[in-house]
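Position 1 is the first residue of the sequence, and the numbers go up from there.
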Amino acid sequence: MLFARSGVWWVQPTVEQPFTEIQSDSTWASRTHPGAAYAALLVDSSYRAPSTTNVLPERGGAVLAVTVAEAESSPSAPKKLSFDGYQWEVMSTANNHGGSTNFYETSNAFVDHSGLLHLRIARHGQQWTSAQVKLIRSLGYGSYRFIVRDVSQLEPAAVLSFYTWDDIGPPREMDIEVGRWGEIAGKNAQFVVQPYVVPANSVRFIAPPGKLTYSLQWQPGSAAFKTLRETASFSQAARVVQHVFTSGIPSAGNENVHISLFVFDNRHNPLQRETEVIVEKFEFLP
């Protein structure tokens with residue numbers, strides 16, 4: 001069993017394929033995601049490990065041997081792209097944002113010759129890989145606007161998310177999410193001020209077909225979300241839904257905007273095919 005360390009230890013090559021078989025000539029080969037260190041555990045078939053762990057198991061019982069190797073070279077510089085006048089980091093490390101472990105490939109996010117941002121969920125072997133970009137600058141209070149081409153037909157297990165996240169202090173997370181979280185029926189989008197477990201912190205709605213504009217107006221003590229049809233006008237006729245949260249609003253800090261297309265692990269309705277989303281525009285006004 002193999003692990004790669006990126007913050008925590010992640011089982012490799014996938015959660016669904018945690019074991020690497022030793023061949024009859026006592027050799028083995030596998031693939032792994034990049035990490036700062038790698039570990040190989042010799043285990044018997046009864047061993048069951050979590051998908052992530054802070055501390056590697058010690059030798060004993062079903063674990064017959066443990067060896068760790070630090071990466072020989074420092075990680076390469078993060079891939080970056082330019083979208084709508086801003087620099088974005090293309091994420092390549094795994095995380096479980098959204099409640100499911102996702103592995104991110106840099107090739108799944110790119111800007112085309114027309115300046116449009118493409119995000120893909122693609123299959124690599126037996127594993128789905130997702131896409132995520134993070135705005136390098138922290139923008140703070142102001143108006144955030146995203147224009148997205150039709151995503152009303154996303155599979156139940158695919159989720160598009162625009163959210164704020166602070167890697168240094170409190171999370172300061174607020175979300176605009178399009179997805180059914182694995183459910184076939186029901187509303188397909190939501191506005192959230194985390195934590196979502198507080199009933200008043202989320203509003204679900206139907207995102208209709210066609211090009212839509214999603215926006216967040218963030219001020220001290222207030223987060224006003226809005227979804228509009230194709231036009232960028234904020235007229236009453238264009239409005240799909242709007243909601244203003246005034247409780248539990250995070251203060252500005254070191255948060256960054258993330259745009260992510262990822263897989264939500266639902267065993268009843270697993271993802272069936274590769275998916276692509278096109279984001280036409282990102283705009284920020286202080």
Discussion item. I'd like to check T32 versus L2 (side-chain heavy atoms, cut-off strictly below 4.5 Å). Are they in contact?
Written reply: no
Item to complete: State, yes or no, whether a side-chain contact exists between S92 and K79 at a heavy-atom distance under 4.5 Å.
Response: no
Worksheet entry | Closest non-hydrogen atom pair, L117 against V111 | CD1-CG2, 4.2 Å
Worksheet item: Are F146 and L139 joined in one hydrophobic group, where the rule is that I, L, V, M, F, W and Y side chains link up if heavy atoms are under 4.5 Å apart?
Response: yes
Worksheet entry | Test item: S161 side-chain N/O and E177 main-chain N/O as donor-acceptor pair under 3.5 Å | no
Item to complete: Give, for atom CG of N54 and atom CZ of R5, the distance between the pair rounded to the nearest 0.5 Å.
Response: 11.5 Å
Fill in: Positive for side-chain contact (heavy atoms from CB on, under 4.5 Å) with V277, one of V178, D150, L154
L154
Fill in: L285 CG: over 12 foreign heavy atoms closer than 6.0 Å
yes
Discussion item. Between R149 and E280, does any side-chain N to carboxylate O distance fall below 4.0 Å?
Written reply: yes
Worksheet item: Short question: side chain of D84, backbone of F282 - any donor-acceptor pair under 3.5 Å?
Response: yes
Item to complete: Indicate if F83 and L116 have the same hydrophobic cluster label, given that clusters are the connected sets of ILVMFWY residues with side-chain heavy-atom separations under 4.5 angstrom.
Response: no
Discussion item. Using 0.5 Å steps for rounding, measure from the OG1 atom of T227 to the CZ atom of F205.
Written reply: 3.5 Å
Worksheet item: Tell me, do D167 and K134 make a side-chain contact under 4.5 Å, heavy atoms counted?
Response: yes
Worksheet entry | Hydrophobic cluster identity match, V193 and V159, side-chain contacts under 4.5 Å | no
Practice prompt. Considering non-hydrogen atoms only, spot the tightest contact between F19 and D44 and give its length.
Written response: CE2-O, 4.4 Å
Item to complete: For residues T52 and N96, determine if any side-chain heavy atom of one lies less than 4.5 Å from a side-chain heavy atom of the other.
Response: no
Discussion item. Taking H118's backbone N and O only, do any of them form a donor-acceptor pair with E276's side chain (distance below 3.5 Å, no angle check)?
Written reply: no
Practice prompt. List the steps, then state whether side chain to side chain contact (heavy atoms under 4.5 Å, CB included) holds for N269 with R180.
Written response: CA-CA 10 Å; N269 298 301; R180 288 192 168 90; over 6 Å; no
Worksheet item: Mind checking whether Y47 and V63 have side chains closer than 4.5 Å, heavy atoms only?
Response: yes
Worksheet item: If you measure from CE on M174 to CD on Q194, what distance do you get to the nearest 0.5 Å?
Response: 10.5 Å
Worksheet entry | Validation row, ring centre Y163 to ring centre H97 under 6.0 Å | yes
Worksheet item: Hey, mind stepping through R120 and E274 against side chain to side chain contact (heavy atoms under 4.5 Å, CB included) and telling me if it holds?
Response: CA-CA 7 Å; R120 290 176 176 170; E274 295 186 339; over 6 Å; no
Worksheet, complete the sentence: Note: V90 and A109 closest approach over all heavy atoms is CG1-CB, 3.9 Å
Worksheet item: Got a donor-acceptor contact below 3.5 angstrom from the Q272 side chain to the P270 backbone?
Response: yes
Discussion item. With a sphere of 6.0 Å drawn around OH of Y196, does it hold more than 12 non-hydrogen atoms of other residues, nucleotides or ligands?
Written reply: no
Worksheet item: Under 3.5 Å, is there a donor-acceptor pair between the side chain of N266 and the main chain of A157?
Response: no
Worksheet item: Does any non-hydrogen side-chain atom of I249 lie less than 4.5 Å from one of W218?
Response: yes
Item to complete: Describe, in one word, how the ring planes of F264 and W181 are oriented to each other, choosing from parallel (under 30°), tilted (30 to 60°) and perpendicular (over 60°).
Response: perpendicular
Worksheet item: Of all heavy-atom pairs between F103 and A94, which one has the smallest distance, and what is that distance?
Response: CD2-CB, 3.5 Å
Worksheet item: How far apart are the C-alpha atoms of S100 and F262, what are their side-chain angles, what is the distance that settles it, and do they pass the side chain to side chain contact (heavy atoms under 4.5 Å, CB included) test?
Response: CA-CA 9 Å; S100 294; F262 64 91; 5.7 Å; no
Fill in: Any donor-acceptor N/O pair, T164 side chain to R172 backbone, under 3.5 Å
yes
Discussion item. If you count heavy atoms of other groups shown closer than 6.0 angstrom to CD of E58, is the number above 12?
Written reply: no
Fill in: Main-chain N/O of R273 paired to E155 side chain as donor or acceptor, under 3.5 Å
yes
Worksheet item: According to a 4.5 Å side-chain heavy-atom criterion applied to Ile, Leu, Val, Met, Phe, Trp and Tyr, with indirect links allowed, do Y104 and L81 form part of one hydrophobic cluster?
Response: no
Worksheet item: Rounded to the nearest 0.5 Å, how far apart are CZ of R137 and CH2 of W88?
Response: 11.0 Å
Fill in: Note, V241 side chain near F191 side chain (heavy atom, < 4.5 Å)
yes
Discussion item. Can you give me the closest heavy-atom contact between P50 and V11, atom names plus distance?
Written reply: O-CB, 4.3 Å
Worksheet item: Quick one: does D265's side chain have a donor or acceptor within less than 3.5 Å of a partner on V263's backbone?
Response: no
Discussion item. If you compare all heavy atoms of P57 against all heavy atoms of V66, which two are closest, and at what distance to 0.1 Å?
Written reply: O-CG2, 3.6 Å
Discussion item. Hydrophobic clusters here meaning ILVMFWY residues chained together by side-chain heavy-atom distances under 4.5 Å, can you tell me if M91 and L135 are in one?
Written reply: no
Item to complete: Return yes if some donor-acceptor pair links the side-chain N/O of T129 with the main-chain N/O of A122 below 3.5 Å, else return no.
Response: yes
Item to complete: State the OG-NZ distance between S143 and K226, to the nearest 0.5 angstrom.
Response: 9.0 Å
Worksheet item: Can you tell if the side chain of Y214 reaches within under 4.5 Å of the side chain of Y144, non-hydrogen atoms only?
Response: no
Discussion item. Rounded at 0.5 Å granularity, tell me how far CG in L228 sits from CD in Q242.
Written reply: 8.5 Å
Item to complete: Taking the six-membered ring for Trp and the full ring for Phe, Tyr or His, determine whether the centres of F225 and F245 are under 6.0 Å apart.
Response: yes
